Q: 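My questions will all concern the structure given below.
These figures come from a predicted structure and were not determined experimentally. Basis for what follows: all heavy atoms, side chains included, without hydrogens, waters or symmetry-related copies.
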Amino acid sequence: VFKSLTDLSVASGGDNQALTTNPELQSLTLEFAYPSGATSYFGRYYTGTKITEARITSEEAGELMAELTAIPAGYRSNWVNTQVTKDITTKPYLFHQASFSFGGVTVARVSTFELKITNETTQKWYLTQQDATALRGGRYAYDIIPGKRLYALTATIVLDTDLNPSIWQRLTGISGGVGQLDNSPTNAPFSAQFVFTRGASDTLTIELQDCVFTKAPMNIPEEKQMVDTPIEAIARKGSIKIVNSVSHSAMKL
C-alpha cells in the first residue's frame, strides 16, 4: 500500500510529460529496494501486477495522499550492483494548492476530499507449466482479468447559495432563480474536476465525467454556523493527468 502521492514518475514511466490513464488496465512491475551499502541493493520484484483499488484523499490543511492496492501474478528477488533510488526533495501536493469544480462551477469551500477507483479483477489459473522468466502459470496466476471500473467520490463542502447556486440546486434537486420556486429536478449528469499544483509547473488533474450525486444530507446547524454538507457521487468515466517538471527516480512510500 503506497501512502504519499509525492512523485509518480516511476509509476507513470517518465517525467516532463503529460500522462493520462489508459482505459485498459495495464500490468506493471513493482520493485522494492533494500539498500546494501553504497553500490548495491537487494530488490524484490512483483511481476504482472495490476492495481485493484486506488484511494486519493486530502483533508483540510493536509497533504494529498494515495493508497494503492495491487495483485501481482508472481515475484522474484535479485541482488543489483547499482544504487538507483534517491531521496525525494520536492514538496508534496498540498490541500491549499488545489481547485475544485462541479458541473463547471468552482467550489471555494471544500474541507475534505476522497476519490476511490476500484478495478474489479478475476485471477485465473490453468493447467500449464510455470514460466520461470515471467513467473506466470504454475502456482502463480496466469491471467488477471479486469472487470468493471468504479469511481466513487466523497467530499465535504460548505454551501453558499449566493456564490454557487447551481451546486445548491443540484444537491436539492430544485432549480429556479432568486425569488422563484421550481420543482423541476436538476439531476442531469455533470462533470467534476480537481486540479492540484506543486511548484511552478507540476500539476495533477483528476477529471470525472457523467457524475451523479448519490447522497447529500443537509445538516441543520446551530445559529450562525456554516452548512457543511458531506456529498457522495459516482462517475461513469474518469482520467488522471500528471505533469512532472522535476525528474526523480523514487516514490515516497
Side-chain angles (χ1 to χ4, degrees), residues 3-6 8 54-67 91-117 150-243:
K3 285 295 186 181
S4 179
L5 202 61
T6 300
L8 292 179
R55 292 179 64 249
I56 303 174
T57 62
S58 186
E59 296 183 356
E60 187 175 0
E63 298 178 353
L64 181 63
M65 306 292 291
E67 293 185 4
K91 296 181 179 179
Y93 289 98
L94 300 175
F95 185 82
H96 66 269
Q97 295 175 319
S99 63
F100 305 87
S101 64
F102 293 90
V105 178
T106 299
V107 182
R109 296 181 174 92
V110 179
S111 57
T112 63
F113 157 80
E114 175 181 311
L115 174 63
K116 182 178 179 181
I117 305 173
L150 308 176
Y151 298 89
L153 170 68
T154 60
T156 301
I157 66 174
V158 177
L159 291 178
D160 188 332
T161 56
D162 294 328
L163 297 178
N164 297 307
S166 63
I167 298 296
W168 177 272
Q169 292 165 8
R170 286 186 182 276
L171 291 175
T172 59
I174 299 176
S175 62
V178 177
Q180 300 177 359
L181 179 62
D182 185 352
N183 290 324
S184 302
T186 57
N187 57 355
F190 59 92
S191 62
Q193 183 184 75
F194 307 87
V195 181
F196 294 87
T197 60
R198 178 186 65 180
S201 303
D202 295 356
T203 59
L204 189 151
T205 303
I206 301 173
E207 297 273 1
L208 299 176
Q209 300 178 11
D210 295 338
C211 302
V212 292
F213 287 117
T214 58
K215 184 182 296 185
M218 295 291 179
N219 299 321
I220 306 300
E222 297 180 5
E223 186 178 1
K224 296 183 179 180
Q225 287 190 357
M226 297 184 296
V227 180
D228 290 332
T229 301
I231 64 171
E232 296 183 14
I234 57 175
R236 187 185 303 274
K237 295 180 291 184
S239 66
I240 301 176
K241 181 179 180 181
I242 304 167
V243 177

Q: Please enumerate all residues that pass salt bridge (Lys or Arg N to Asp or Glu O under 4.0 Å) together with K237, with sequence neighbours excluded.
A: none

Q: Could you go through I56 and L64, starting from their C-alpha distance and side-chain angles, then the distance that decides it, and tell me whether this counts as side chain to side chain contact (heavy atoms under 4.5 Å, CB included)?
A: CA-CA 7 Å; I56 303 174; L64 181 63; 3.6 Å; yes

Q: So, for R198 and Q97, which heavy atoms are closest and what is the spacing to 0.1 Å?
A: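 That would be CA-OE1, 4.4 Å.
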
Q: Can you tell me how far OG1 of T106 sits from CD of Q193, rounded to the nearest 0.5 angstrom?
A: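 The CD atom of Q193 sits 8.5 Å away from the OG1 atom of T106.
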
Q: Evaluate the criterion side chain to side chain contact (heavy atoms under 4.5 Å, CB included) for residue pair I231 and F102; output intermediate values, then yes/no.
A: CA-CA 12 Å; I231 64 171; F102 293 90; 3.7 Å; yes

Q: Given side chains that start at C-beta, do those of L94 and P92 come closer than 4.5 Å, heavy atoms only?
A: yes

Q: Measuring from K116:NZ to R55:CZ, what's the distance to the nearest 0.5 Å?
A: 7.0 Å

Q: Considering all heavy atoms of both residues, which atom of P230 and which atom of P217 are nearest to each other, and what is their separation?
A: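 Smallest interatomic distance, heavy atoms only, reads O-CD, 3.2 Å.
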
Q: If every non-hydrogen atom of G238 is compared with every non-hydrogen atom of L208, which pair is closest and at what distance?
A: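 Scanning both residues completely, I find the closest heavy atoms to be CA-CD2, 4.1 Å.
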
Q: Please name all residues satisfying side chain to side chain donor-acceptor pair (under 3.5 Å) with E59, sequence neighbours left out, ordered by chain then number.
A: none

Q: Quick one: ring-ring contact (aromatic ring centres under 6.0 Å, His included) pairs with a partner in residues 215-238, sequence neighbours left out?
A: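 Non-adjacent pairs meeting ring-ring contact (aromatic ring centres under 6.0 Å, His included): zero.
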
Q: Kindly say whether E232 contributes a backbone atom to a donor-acceptor pair with the side chain of T214 at under 3.5 angstrom?
A: yes

Q: Return the CG to OH distance between D210 and Y151, rounded to the nearest 0.5 Å.
A: 11.5 Å

Q: Okay, side chain of T112, backbone of T156: is any donor-acceptor separation there less than 3.5 Å?
A: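 Present.
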
Q: Can you find a pair of side-chain heavy atoms, one from F113 and one from L153, that are under 4.5 Å apart?
A: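 Yes, close enough: below the 4.5 Å cut-off.
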
Q: Output the distance between atom OG1 (T203) and atom NZ (K241), rounded to the nearest 0.5 Å.
A: 7.0 Å

Q: For the atom pair CZ (F194) and OG (S99), what is the distance rounded to the nearest 0.5 Å?
A: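 If we round to the nearest 0.5 Å, F194:CZ and S99:OG are 10.0 Å apart.
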
Q: Output the distance between atom OG (S58) and atom OH (Y93), rounded to the nearest 0.5 Å.
A: 13.0 Å

